[in-house]
Amino acid sequence: MYKILKAGRLAGNIYEMVVEAPRVAKRCLPGQFVIVKADEKGERIPLTICDYDREAGTITIVFQPVGASTEKFSRLQAGDSFRDFVGPLGRPSELCTDDLEEVKKKKILFVAGGVGTAPVYPQVKWLHEHGIAADVIVGAKTKDLVILEKELSEVAGNLYVTTDDGSYGRSGMVTKVIEDLHSEGKTYDLCVAIGPMIMMKFCCLTTKKYNLKTIVSMNPIMVDGTGMCGACRLVVGDEVKFACVDGPEFDGHLIDFDAAMKRQTLYKTEEGRALLKLQEGDTHHGGCGNCGGDK
Ligand code: NAD
Ligand code: FES
């Protein structure tokens with residue numbers, strides 16, 4: 001069992017929890033994720049790590065309830081426990097594993113959308129701890145949904161907050177800020193965009209115009225998170241990849257977001273999964289217990 005030490009609402013329908021998981025905290029790096037299960041029969045939910053404290057042996061997760069399992073998570077309080085908390089899974093962000101001297105030469109722009117701000121934070125914090133100040137754009141629908149602003153302001157170079165409705169910070173979506181920064185003469189060597197699929201798609205379309213390499217996190221298409229269910233299959237360039245074992249981070253300019261989003265919709269129905277199996281062969285082999293692929 002994994003004890004929840006702190007639980008609360010960050011903003012709107014977005015929750016934050018600090019969980020006692022010393023083995024995960026000892027080994028994890030930014031970009032990796034955990035699989036969380038509330039109880040024995042619970043669904044396995046992949047969640048990107050938002051923060052970790054190696055000394056305290058804790059992991060911070062941030063989530064938005066979208067189904068019964070995450071709704072159950074949101075009802076847990078400090079003192080309750082998760083049945084399973086498995087990780088760290090997936091590959092860490094390349095920024096944390098590439099040659100540090102090379103990373104230091106890069107001017108990096110992070111683009112964080114909504115709940116996607118949570119997985120951006122540990123990367124920016126890690127860079128800050130290694131002497132690199134990355135710029136960050138945080139986008140939210142409205143003022144009340146901006147998360148981790150204070151935490152990011154302490155570790156980012158420049159922090160640009162924008163809201164879709166203009167109720168706080170700049171006005172407009174994150175892509176507008178990317179364009180505005182470009183017009184203001186800011187140049188970058190690398191962009192990391194994490195948020196809803198549609199945001200990552202349009203960020204990539206925008207950065208392509210500036211020939212700015214852009215890394216995205218394909219966490220939203222994961223289901224079981226262990227390479228078993230086949231849900232997160234995607235084509236990157238001309239290679240077939242699985243977000244949970246080969247990613248979750250990939251070169252966004254090599255991803256066909258429309259195909260990935262269409263596949264995600266198909267995967268949600270039994271008929272759709274059967275069609276995918278017919279089209280793609282046995283990559284969807286079931287076994288996760290909740291995707292229906294083993295029926
Ligand atoms: P949201 O819909 O509020 O969008 C956040 C921001 O993204 C907006 O404020 C806007 O600036 C930008 N955005 C949205 N649509 C855009 C478009 N068409 N063009 C340009 N920019 C656009 O986000 P939310 O409700 O907080 O997000 C929930 C989603 O985030 C879930 O679907 C979840 O899967 C995803 N998510 C992704 C990751 C990841 O690793 N990629 C991590 C956590 C959550
Ligand atoms: Fe990657 Fe299931 S989420 S195979």
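Counting starts at 1 for both ligands and their atoms, in listed order.
Counting only protein atoms, the N, O or S atoms lying less than 2.8 Å from atom 2 (Fe) of ligand 2 are D224 OD1, C229 SG, ordered by chain and residue number.
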Side chains of residues 129-148: which donor-acceptor partners sit under 3.5 Å, not counting sequence neighbours?
| residue | atom | partner | partner atom | Å |
| --- | --- | --- | --- | --- |
| H130 | ND1 | W126 | O | 2.7 |
| D135 | OD1 | N158 | N | 2.9 |
| D135 | OD1 | N158 | ND2 | 3.2 |
| D135 | OD2 | N158 | ND2 | 3.4 |
| D135 | OD2 | Y188 | OH | 2.5 |
| T142 | OG1 | D165 | OD2 | 2.9 |
| T142 | OG1 | S167 | OG | 3.2 |

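Between V18 and I59, every side-chain heavy-atom pair lies at or beyond the 4.5 Å cut-off. With contacts defined as side-chain heavy-atom distances shorter than 4.5 Å, the pair V34/V86 does not qualify.
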For R75 and E71, what are the C-alpha separation, side-chain angles and deciding distance, and is it a salt bridge (charged side-chain N to carboxylate O under 4.0 Å, His left out)? CA-CA 7 Å; R75 293 179 189 174; E71 180 61 38; 3.5 Å; yes

When you look at K72 and D39, which way does the salt bridge (charged side-chain N to carboxylate O under 4.0 Å, His left out) test go after all the steps? CA-CA 10 Å; K72 259 192 205 169; D39 49 52; 3.4 Å; yes

Apply side-chain contact (heavy atoms from CB on, under 4.5 Å) to the pair V161 and L159, showing each step before the final yes or no. CA-CA 6 Å; V161 179; L159 178 64; 4.2 Å; yes

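Taking the six-membered ring for Trp and thresholds of 30 and 60 degrees, F73 and F63 have ring planes more than 60 degrees apart, a perpendicular arrangement.
R27 meets the side-chain hydrogen bond (donor to acceptor under 3.5 Å, both in side chains) test with no other residue; sequence neighbours excluded.
Remark: the Q123 side chain and the S93 side chain contain an N/O donor-acceptor pair separated by less than 3.5 Å.
Sorted by chain and number, the residues within 4.0 Å of ligand 1 by heavy atom are Q64, G113, G114, V115, G116, P119, G139, A140, K141, D164, M173, V174, T175, I194, G195, P196, I198, M199, M200, F202, S217, N219, P220.
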